Colleague: 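Structure provided below as structure tokens; questions to follow.
Naming: A, B, ... by sequence-line order, numbering from 1 per chain. Being a predicted model, the structure only gives us computed values, none of them experimental.
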Amino acid sequence: MAARLAPVTDQARTRPLLLLIDGHSMAYRAFFALPVENFSTRTGQPTNAVYGFTAMLANLLRDEAPTHVAVAFDAGRTTFRTEQYPAYKGTRDATPQEFQGQVPLIREILETMRITTLQREGFEADDIIATLSTQAQADGMDVLVCTGDRDALQLVGDDVTVLYPRKGVSDLVRFTPEAVQEKYGVPPASYPDLAALVGESSDNLPGVPGVGPKTAAKWILAHGGLDGVLAAAPTITGKAGESLRACADQVRVNRMLNAAVRDVELPVAVGDLAARPWDREAMHQVFDALEFRTLRERLFAMVPEEVGEAEGFQLDVVSPAAGALASWLEARHGRRLAVEVAGTSAPGRGDAWALAVADGADHAVVLELAELSPDDEGALARWLGDSAQPKSVHGAKDAMHALAGRGLPLAGVAVDTLLASYLCHPDQRSYDLADLSIRHLRRELRSEATADDGQGALDLSLDGTSPHHGTALRAAAVAELGDVLEEELADRGATQLLRDLELPLVDVLAGMERTGIAADRDYLDGLEREFAAAVADAAAEAYAVIGREVNLGSPKQLQEVLFDQLQMPKTKKIKTGWTTDAASLADLFERTQHPFLAHVLAHRDASRLRQTVEGLIRSIDDDGRIRTTFQQTIAATGRLSSTDPNLQNIPIRTEAGRQIRRAFVVGEGYDVLLTADYSQIEMRIMAHLSGDPGLIDAFRSGEDLHSYVGARVFGVATDEVTAAQRSKIKAMSYGLAYGLSSFGLSKQLNISVGEAAALMEDYFDRFGGVRTYLAGVVDEARRTGYTATILGRRRYLPDLTSDNRQRREMAERMALNAPIQGSAADLIKVAMLGVDRRLRDEGLRSRLLLQVHDELVLEVAPGERDAVEQLVRQEMGAAAPLSVPLDVSVGVGGSWHEAGH
DNA sequence: TGCCGTACGTA
DNA sequence: CGTACGTACGGCAT
């Protein structure tokens with residue numbers, strides 16, 4: 001059966017409805033309605049106007065369900081109005097810079113939503129709206145005009161309603177003819193007459209002094225319109241009459257200027273404005289970039305029946321009769337088939353209940369795993385475990401964990417569409433199969449029968465042919481995506497990276513996750529009590545100092561205490577006031593010596609540690625081991641990340657923090673934990689990539705890197721470099737790999753910007769290759785659009801050519817860092833594959849447990865200590881041929897703490 | 001309940 | 001105004 005889109009539903013409307021929006025005016029309203037501090041991207045791009053406008057648009061689409069939509073913008077500075085009356089809109093403040101930049105973003109969004117935007121040199125948006133509105137009425141349509149410009153009220157009629165923002169952009173007043181009459185006392189057609197008399201300060205059109213809407217309406221009604229009023233001016237008595245006579249010319253000008261032009265020549269007809277299906281892929285990209293997560297969800301959730309173009313999958317789904325699976329698979333022997341598993345994938349605790357196999361040629365089988373006959377189960381297990389039978393999977397690691405719950409293997413994954421998408425677009429936040437399907441296949445994964453939420457509920461498709469139809473659909477999508485993405489991978493030079501690095505790594509990571517690391521629960525319980533006591537002590541002392549109890553974990557309450565009650569000097573400004581972060585509190589303590597600060601800091605430390613310990617205790621599985629999940633598609637640089645729990649951020653810097661590492665211990669049946677880490681891998685990669693002779697020499701000499709560099713920068717002998725000098729150099733060296741500015745360096749080192757700049761200058765004098773390299777990286781990335789690591793892993797940085805300085809400079813820093821951080825990630829991944837392979841090849845029981853970016857943790861079986869140390873050193877050291885040695889330091893011990901060095 | 005902002009742990 | 005992450009909490013909107 002085919003999965004079909006639901007038809008576009010129309011809310012029983014008899015006449016088409018045209019929605020016309022004044023883009024500029026509504027965006028401007030949004031800009032002032034939403035605090036810009038709360039709406040900007042990570043890169044500093046302000047987005048309040050974009051957000052407000054889009055949210056408003058979403059509401060209108062939902063509530064009004066227009067059949068036709070257009071957004072009109074003002075074009076250029078000058079219009080026929082400014083030509084006739086130079087002072088027109090003359091009092092308007094220059095639009096803020098932060099607003100200007102947002103209009104193109106709004107246009108981008110509209111484009112992805114396939115909404116027509118219109119502008120015409122010399123005219124205002126209102127004129128375009130008046131023109132279209134007039135045409136639409138003639139075509140028998142209803143019209144909704146959404147604008148913050150009151151002049152549009154003249155358009156209101158039986159078929160035309162104006163939505164005018166009362167407050168913000170979400171609260172819109174509906175102006176029907178009755179509403180206009182009610183509010184202004186004149187019919188819509190007379191509104192411009194009234195406005196001419198009253199004036200419009202936002203347009204810099206003065207009105208008749210002393211004449212407000214009430215008087216104006218009275219006159220207009222009495223004399224049948226503005227012409228009548230002006231004709232009768234000599235007879236109007238009183239102060240107001242006098243003013244009117246004095247201002248008659250201005251009033252005539254006002255009336256001429258506020259008349260909407262209804263016959264602007266436009267490149268489109270009303271019929272062309274029919275709502276079109278969204279370009280969902282492009283929308284995802286724009287919304288990703290703008291970091292509008294919820295708004296995007298709202299939009300997509302709101303109009304699920306949108307997207308007319310995408311077709312469903314034509315899929316013949318069978319649930320083979322008992323014993324028939326083998327022949328189904330045999331008929332497709334050697335062909336690449338897609339596997340999709342319905343189940344849960346917690347490492348070591350996974351389970352699978354259904355599995356679909358699709359052949360990419362409209363055929364799929366769906367298997368209810370609990371109901372498989374022994375024959376079928378055997379056939380399935382053989383095929384799944386046969387590495388010679390190529391498969392495509394979306395997220396092979398999760399599938400492996402789920403299948404493991406049924407004792408089923410998964411081998412021979414030739415394409416993982418999740419990894420492939422990640423390699424092609426590493427900056428994306430999610431690689432949801434449904435989105436990829438739309439994006440690459442132009443097919444909607446959703447079917448009437450889907451909604452398989454993995455909770456085991458049987459999901460009967462409409463024609464009743466197969467349960468878990470959604471799983472089959474997903475398998476079909478994976479089959480096709482596999483082919484499409486292979487080509488995209490090739491285009492992006494990432495074929496090898498997938499085949500030889502990321503895919504083989506899946507098995508290694510799955511193994512590490514399944515194994516987990518043993519934890520000493522009793523020890524952790526003890527730590528928790530210690531830290532909890534420290535928290536309580538610190539809190540009590542803090543309360544005693546200020547004479548009341550506050551929530552020390554609340555930055556807001558802390559601000560009140562520090563800056564209101566204790567009147568301390570203000571720290572750095574943040575969105576919600578002034579920062580209370582540790583660095584600022586420490587700084588305040590230096591200056592004020594106020595004991596409250598010390599207690600707060602102690603409280604923070606202790607509660608953080610307690611919280612970490614509590615999280616770990618919660619994560620201990622029944623067998624006493626903690627299992628993390630390594631995310632392979634999150635970090636845009638190519639690093640892994642670790643979640644649930646994150647074992648890549650276990651404290652190490654402070655003594656109290658290090659105690660936590662004592663809780664990670666060697667498991668039963670094993671001898672010791674072994675840690676192996678690369679020393680200064682990022683600096684070594686910088687040396688290699690830059691080819692700087694001085695830096696390469698530093699590493700080859702075997703001397704302490706920072707002392708060596710310090711000696712050259714300060715012009716002294718290596719052993720004369722002071723500790724202070726060394727730490728400055730260290731900060732700068734690492735900073736360079738992050739795109740550090742002299743300003744940033746000065747702040748970090750507490751020195752003047754001039755000093756910092758001089759320090760950097762001295763550094764670059766001695767290590768000129770570094771400067772050349774760093775400049776070259778950004779240049780090349782700007783040219784090609786991406787950076788590349790040693791293994792060719794790309795990161796695309798379109799913002800390198802942005803007009804927005806903040807965004808551009810952010811992208812530049814990313815470009816500086818991505819090749820370095822990413823190459824380090826490449827190397828340790830290569831090393832992991834090597835270590836894993838050697839352990840297996842040499843028949844060792846020892847195993848990899850953790851990776852922490854530049855460190856591997858292994859569990860060593862009795863008698864294997866020397867062999868493992870040797871092979872780990874070899875594999876890590878030989879991960880790639882660099883022009884500098886890759887030093888590896890190794891430690892062993894009964895716990896992670898003892899094995900550390 | 002869910003989201004945002006702040007704070008802070010790691011490399 | 002230094003990159004890359006994940007987690008917990010408070011506070012607020014819903």
Colleague: Counting just side-chain N and O atoms, does A/Arg805 come under 4.0 Å of either OP1 or OP2 of C/dC1?
Modeller: no

Colleague: Please work out if A/Ala636 contacts a base, only the sugar-phosphate, or nothing of the nucleic acid, heavy-atom cut-off 4.0 Å.
Modeller: sugar-phosphate

Colleague: Side-chain N or O of A/Ser642 versus OP1/OP2 of C/dG6: is the shortest distance under 4.0 Å?
Modeller: no

Colleague: With a 4.5 Å cut-off on side-chain heavy atoms, are A/Ile660 and A/Val613 touching?
Modeller: yes

Colleague: Counting any heavy atom closer than 4.0 Å, what does A/Gln748 reach on the DNA or RNA strands: base, sugar-phosphate only, or nothing?
Modeller: base

Colleague: If you only use heavy atoms from C-beta on, which nucleotide in C/dA8, C/dG2, B/dT10 is closest to the side chain of A/Leu740?
Modeller: C/dG2

Colleague: Touch check for A/Arg653, heavy atoms < 4.0 angstrom, all strands: base, sugar-phosphate only, or nothing?
Modeller: base

Colleague: Within the 4.5 Å heavy-atom criterion, are A/Leu647 and A/Val857 side-chain neighbours or not?
Modeller: no

Colleague: Would you indicate what A/Ile634 reaches in the nucleic acid, counting non-hydrogen atoms under 4.0 angstrom: base, sugar-phosphate, or nothing?
Modeller: sugar-phosphate

Colleague: Under 4.0 Å from OP1 or OP2 of C/dG10: is there any side-chain N or O of A/Asn551 that close?
Modeller: yes

Colleague: Looking at A/Lys575, does any N or O in its side chain come under 4.0 Å of the phosphate oxygens OP1/OP2 on B/dG5?
Modeller: yes

Colleague: Does B/dT6 have its OP1 or OP2 closer than 4.0 Å to a side-chain nitrogen or oxygen of A/Thr576?
Modeller: yes

Colleague: Within the 4.0 Å heavy-atom criterion, would you say A/Gln821 contacts the bases, only the backbone, or no part of the nucleic acid?
Modeller: base

Colleague: What residue pairs, at least two apart or across chains, pass ring-ring contact (aromatic ring centres under 6.0 Å, His included) with a residue in residues 791-812 of chain A?
Modeller: A/Tyr786-A/Tyr796

Colleague: Taking any heavy-atom pair under 4.0 Å as a contact, classify A/Thr579: base, sugar-phosphate, or nothing.
Modeller: sugar-phosphate

Colleague: With a 4.0 Å cutoff (strictly under), does any side-chain N or O of A/Arg639 reach OP1 or OP2 of C/dC5?
Modeller: no

Colleague: Pick the P atom in B/dC4 and in C/dG2, then give their distance to the nearest Å.
Modeller: 25 Å

Colleague: Using a heavy-atom cut-off of 4.0 Å across all strands, would you classify A/Ile820 as base, sugar-phosphate, or nothing?
Modeller: nothing

Colleague: Quick one: the dot-bracket string of DNA chain C, using Watson-Crick and G-U wobble pairs with both distances under 3.5 Å, [ ] for crossing pairs and | for bases paired to another strand.
Modeller: ..|||||||||||.

